[in-house]
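The structure appears right after this line, and notes come after that.
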2 protein chains.
Amino acid sequence: MITHEQTMTTSEWEVMRIIWTLNEATSKQIIHFMRLKKNWAPSTVKTLITRLQKKGYLTDNGAPRDRLYLPIISEQEAMHHALAHTIGAMCAMYVGQSLAEVLPDITLSRDDITQLQSVLQKKLTQAPTTVACDCLPKERITHHVH
Amino acid sequence: MITHEQTMTTSEWEVMRIIWTLNEATSKQIIHFMRLKKNWAPSTVKTLITRLQKKGYLTDNGAPRDRLYLPIISEQEAMHHALAHTIGAMCAMYVGQSLAEVLPDITLSRDDITQLQSVLQKKLTQAPTTVACDCLPKERITHHVH
DNA sequence: TTTATTAATCTACAGTTGTAAACTAAAGAT
DNA sequence: ATCTTTAGTTTACAACTGTAGATTAATAAA
């Protein structure tokens, strides 16, 4: 099987959150927090770190010991991608509704809200009346000549 | 390894979109559309259908042939879950910003936008000034008595 | 410098996913 | 009633994930 797009798994994501928040971290720190969060064994964390490096999400400062691991992609970038990816896989017709359903359960700051409102306001002028379902691929109609 | 939560994979999701849109479908129809969308072999689609049934996302009308497959969960429900799941795994502090970044690239109808705006307006009164990062688990501080 | 400690690498292994061929059982055609 | 065509069931298999023990290589301690 040819692997297409390299995505972060949920476990890997958890590890990245620690590192993003600390800006850089030793395996010891990561292990510490992941034990608190998920009660993972140290080796589990090590494995995840290695995989994240292979996937190109993480580097390190090359120290032979007490090495520091550093994110290659920022948390905001990663979040942007993840969100765009999730939404991109969905039926365009229901995306707006879905967002409206999910929003009430999300904690947003006053500034977030005004920011979002302004973005929406800008979109309003260009907004179409309806959004069509895009779940079925276009049937390329063949004209049967006879 | 004990499997925790049963999630739909992206490939399974593609299959579900077809069925959701047709309301119910024969394997023939699904195979047809998945060939157009992904150029999958018929058996591939069959496998996915079986897995979706095992995971409880799909049933069928029991016919021994030309069987109809029916979704157990609605597209909107599934989308709601997926979106909540993605957002739930993210740093609370940046969710608002991420949404604001992604919104411009999303097609929303005029109604969607006003709907979203009204939801946001309602949230505004209760909204906090800031949202803290929740990437690190709470360190339970132990008081060392000596 | 020998030893104990700890960090990093290697190996492991079952379950999931992407991808599909082979086989079997209905139903339609002859 | 037999053959052909489909639809459904089994089997396959490599890559990816979750989860972690075993081994080796640096350091710190004795």
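Every chain is numbered from 1 and lettered A, B, ... according to where its sequence line falls, protein lines coming before strand lines. Fair warning: this is a prediction, and the values are worked out from it, not measured in the lab.
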Looking at dT17(C), I'd like to know if its phosphate oxygens (OP1 or OP2) sit under 4.0 Å from a side-chain N or O belonging to Lys55(B). yes
Among residues two or more places apart or on two chains, list those pairs meeting salt bridge (Lys or Arg N to Asp or Glu O under 4.0 Å) that have a residue in residues 14-37 of chain B. Asp134(A)-Arg17(B), Glu14(B)-Lys37(B)
Look at the side-chain N and O atoms of Thr7(B) and state whether any lies under 4.0 Å from the OP1 or OP2 oxygen of dT17(C). no
For the pair made of NZ in Lys46(A) and P in dA20(D), what is the distance, rounded to whole Å? 14 Å
Which letters describe nucleotides 21-30 of chain D, given B = protein heavy atom under 4.0 Å from base, S = only from sugar-phosphate, - = neither? B----BS---
Under 4.0 Å: is that the gap between some side-chain N or O of Trp40(B) and OP1 or OP2 of dG18(C)? no
Let's test your reading of the pairing rules: Watson-Crick or G-U wobble, both distances under 3.5 Å, then write DNA chain C as a dot-bracket string with ( ), [ ], | and dots. ||||||||||||||||||||||||||||||
Pair Ser109(B), Asp112(B): side-chain N/O donor-acceptor within cut-off below 3.5 Å: yes
Anything under 3.5 Å between a donor and an acceptor, one on a side chain of residues 120-127 of chain B, the other on a protein residue two or more places apart or in another chain? List them.
| residue | atom | partner | partner atom | Å |
| --- | --- | --- | --- | --- |
| Gln121(B) | OE1 | Gln117(A) | NE2 | 2.6 |
| Lys123(B) | NZ | Leu103(A) | O | 3.2 |
| Lys123(B) | NZ | Pro104(A) | O | 3.2 |
| Lys123(B) | NZ | Ile106(A) | O | 2.6 |
| Thr125(B) | OG1 | Lys122(B) | O | 3.2 |

Joint hydrophobic cluster, Leu136(B) plus Leu68(A), side-chain heavy atoms closer than 4.5 Å: no
Would you name the heavy atoms of Lys138(A) and Leu36(B) that are closest together and state the gap between them? O-CD1, 4.2 Å
From the candidates dA20(D), dG18(D), dG18(C), the one with an atom nearest any side-chain atom of Thr9(B) is dG18(C)
Arg51(A) has an atom CZ; how far is it from atom C1' of dT19(D), in whole Å? 9 Å
Round to the nearest Å and state the distance from Glu12(A) atom CD to dT17(D) atom C1'. 8 Å
Could you check whether Ile49(B) gets within reach of a base, just the sugar-phosphate, or nothing at all, counting any heavy atom under 4.0 Å? nothing
Please tabulate, one pair per line, all N/O donor-acceptor pairs under 3.5 Å involving side-chain atoms of residues 72-81 of chain A, not counting sequence neighbours.
| residue | atom | partner | partner atom | Å |
| --- | --- | --- | --- | --- |
| Ser74(A) | OG | Glu77(A) | N | 3.0 |
| Ser74(A) | OG | Glu77(A) | OE2 | 3.4 |
| Glu77(A) | OE2 | Ser74(A) | N | 3.3 |
| His80(A) | ND1 | Glu101(B) | OE1 | 2.8 |

Nucleic acid contacts - residues 26-35 of chain B versus DNA chain D, non-hydrogen atoms under 4.0 Å: Ser27(B), Lys28(B)
